[in-house]
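Let me begin by presenting the structure, written as structure tokens, before commenting on it.
Note that these values count all heavy atoms, side chains included, but never hydrogens, waters or copies made by symmetry.
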Amino acid sequence: MPNGRKSKHWDDAILLLNKGKRGILRIVFSRTMVIILLLALQVLFLFSAFFRLLGDNLALIFTGSGVISTIMAVVIVNDHRQNPSIKLTWSVLIIIFPIFAIPFYFFVNQDLGHRLVRRRTLTILDSTKHLVQQDETAVSAMDGGSQSLSQYLWREGPFPVYRNSSAHYYPLGDYAFDDMLTALEQAEHFIFLEYFIIEEGYMWGRILSILERKAKEGVEVRVLYDGTCAVALLPYNYPKKLEALGIQCKMFAPLRVAVSTHYNNRDHRKIFVVDGKVAFTGGINLADEYINRKVLHGHWKDNAIRVTGEAVRGFTVMFLQMWNVESWKQEDYGRYLDTVPAAEAGFYIPFGSNPFCGEHVAEMVYIDMINRAQRYVHIMTPYLVIDNEMATALTFAARRGVEVALILPHIPDKKAIFAVSRSYYRHLLEAGVQIYEYTPGFVHAKVLVSDDRRAVVGTINFDYRSLYLHFECGLYIEDAPAVGQVEGDIQATLCLSQPVTLADRKSWSLFSKLTSWILRLFAPLL
């Protein structure tokens with residue numbers, strides 16, 4: 001082989017090797033990694049200071065750890081603010097690891113890290129209540145149970161009922177993407193994007209090229225994404241890069257050089273609003289796996305829903321509220337809230353949940369729909385890590401003759417959570433709940449539909465993080481054509497899913513069962 005050709009092949013090999021390492025090196029030598037290391041040092045310092053404070057009493061405390069653990073368990077059990085499942089997890093941790101778990105419990109429950117964010121959030125929510133109005137004629141046109149739910153959402157949000165709206169459901173993110181691009185191309189005044197995950201690639205590249213062009217045309221463009229993206233998906237200074245393109249950009253709760261409980265509360269919402277005329281929400285983020293341009297866990301089963309008409313106002317308000325939580329700024333929301341009515345039957349309630357309001361709105365909506373179902377409840381969710389209240393609602397519905405069917409992934413993205421999800425199977429199956437696993441791959445859609453009348457499409461998983469810790473959003477739909485579209489997707493997905501039976505569960509290995517049982521103890525932390 002000529003030396004020149006040999007040298008070229010060697011150079012090509014080096015280039016490929018460097019390309020493969022580039023992502024890892026970017027993470028290792030990034031500002032985010034420095035912050036993570038500093039946070040780890042702070043944690044070590046706190047524990048070191050704690051043990052140094054104990055000093056000579058350490059041995060005595062170890063000896064009396066049983067007494068301390070018992071006292072703490074009694075305190076936790078009698079704490080009315082916490083869910084029983086979370087109480088159990090804390091009690092187990094404190095009994096097994098008292099020296100570490102007790103100070104950690106006090107640190108977490110003092111809420112020192114997110115008191116400021118909590119105050120900002122509640123202040124903004126309170127100061128923007130006047131921007132939405134409840135249509136009492138719409139409420140009175142709903143049936144009795146739905147009126148009660150609408151009154152609950154109005155009181156806790158306020159999240160009003162809208163008519164003069166329409167919705168179109170997409171059974172795959174692949175199908176929604178073209179319409180999202182079309183909506184962006186038609187933008188004349190503003191574009192608001194709020195997503196849990198943004199990752200550079202084909203999907204985000206197509207969107208970003210339109211955003212950059214629209215910004216140059218004078219369209220106001222705002223992008224808000226969760227700060228966890230800076231760990232591995234985007235550079236820490238990515239907001240500045242977008243701002244150089246004329247795009248306003250913020251990270252929600254970025255990692256900073258301070259240990260904080262605030263990092264536990266993520267912005268898991270997916271909100272896409274253009275000109276107050278159209279909005280999208282659903283399961284998809286802005287990364288290639290969500291439109292099956294990249295294969296991670298088999299076929300990625302996701303969804304989205306497009307909203308037009310007056311209900312768009314609800315998503316616009318939710319976006320602006322979250323945007324200003326990060327900046328602590330009051331602005332004139334009114335200029336963004338003009339909507340164009342869309343003529344379609346039905347009722348629409350865009351709603352959100354947050355970890356600071358003291359009410360688990362998303363879980364209450366789900367439980368209310370399950371309890372009111374008369375014929376069926378069909379659910380798609382990537383995770384099944386639920387508390388006793390949700391498990392009781394599902395099993396009670398099945399026992400009173402309602403067809404309850406759950407569709408979960410067959411190929412998991414997180415094996416530990418998948419094991420915990422399967423730990424609930426036996427109890428649910430014995431009560432008559434039907435469980436299916438999506439054979440082609442991973443289900444990321446979050447959907448609940450009942451009785452051909454009601455549906456929720458949004459970002460809310462059936463797990464502790466979505467129901468208790470994260471900022472989430474969804475669209476409640478009643479007596480609208482989109483409900484049939486959602487149920488049609490459920491039926492099509494069932495055809496691609498395999499039923500799970502008690503016999504199947506018995507065939508799982510003992511190791512698999514033990515792993516799921518042990519992890520179940522720590523489910524609220526996953």
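Using modelled atom types, one finds a donor on one side chain and an acceptor on the other under 3.5 Å when comparing Y152 with E359. Side-chain contact check for Y333 and N324: at least one donor-acceptor pair (N or O, by modelled atom type) lies under 3.5 Å. D452 and Y376 are linked by a side-chain donor-acceptor pair at a separation below 3.5 angstrom, with hydrogens and angles left out of the test. With hydrogens and angles left out, the side-chain atoms of S353 and E472 include no donor and acceptor closer than 3.5 Å. In this structure, a donor-acceptor pair under 3.5 Å is absent between the side chains of Y162 and D135. Residues E289 and H444 have side chains that never bring a donor and an acceptor to within less than 3.5 angstrom of each other. Side-chain contact annotation: D451 with Q374, donor-acceptor N/O pair under 3.5 Å absent. Side-chain contact check for R306 and Y170: at least one donor-acceptor pair (N or O, by modelled atom type) lies under 3.5 Å.
Look at R293 and D174 and you find no salt bridge, because none of the NZ, NE, NH1 or NH2 atoms lies under 4.0 Å from a carboxylate O. Between K301 and D489, at least one side-chain N (NZ, or NE/NH1/NH2) sits under 4.0 Å from a carboxylate O, which counts as a salt bridge.
Residues forming a side chain to side chain contact (heavy atoms under 4.5 Å, CB included) with D143 (at least two apart in sequence, or on another chain): S146, R372, R453, R454, E478. Not counting sequence neighbours, the partners of E344 by the side chain to side chain contact (heavy atoms under 4.5 Å, CB included) test are S166, Y348, P481. In this view, R426 and E430 satisfy the salt bridge (Lys or Arg N to Asp or Glu O under 4.0 Å) rule, not counting sequence neighbours. Under the side chain to side chain contact (heavy atoms under 4.5 Å, CB included) criterion, D275 pairs with A187, E188, H189, F190, K277, sequence neighbours left out. Legend: residues meeting side chain to side chain donor-acceptor pair (under 3.5 Å) with T339, ordered by chain and number and at least two apart, are absent. Under the side chain to side chain donor-acceptor pair (under 3.5 Å) criterion, Q485 pairs with no residue at all, not counting sequence neighbours.
Side-chain atoms of N292 come within 3.5 Å of backbone atoms of W300 as a donor-acceptor pair (strictly under, hydrogens ignored). Using modelled atom types, one side-chain atom of Y424 and one backbone atom of I386 make a donor-acceptor pair closer than 3.5 Å. A donor-acceptor distance shorter than 3.5 angstrom exists from the side chain of S466 to the backbone of N461, with no hydrogens or angles considered.
From C473, atom SG reaches atom CZ of F159 across 10.0 Å, with rounding to the nearest 0.5 Å.
Ring-centre distance between F347 and Y476: not below the 6.0 Å cut-off.
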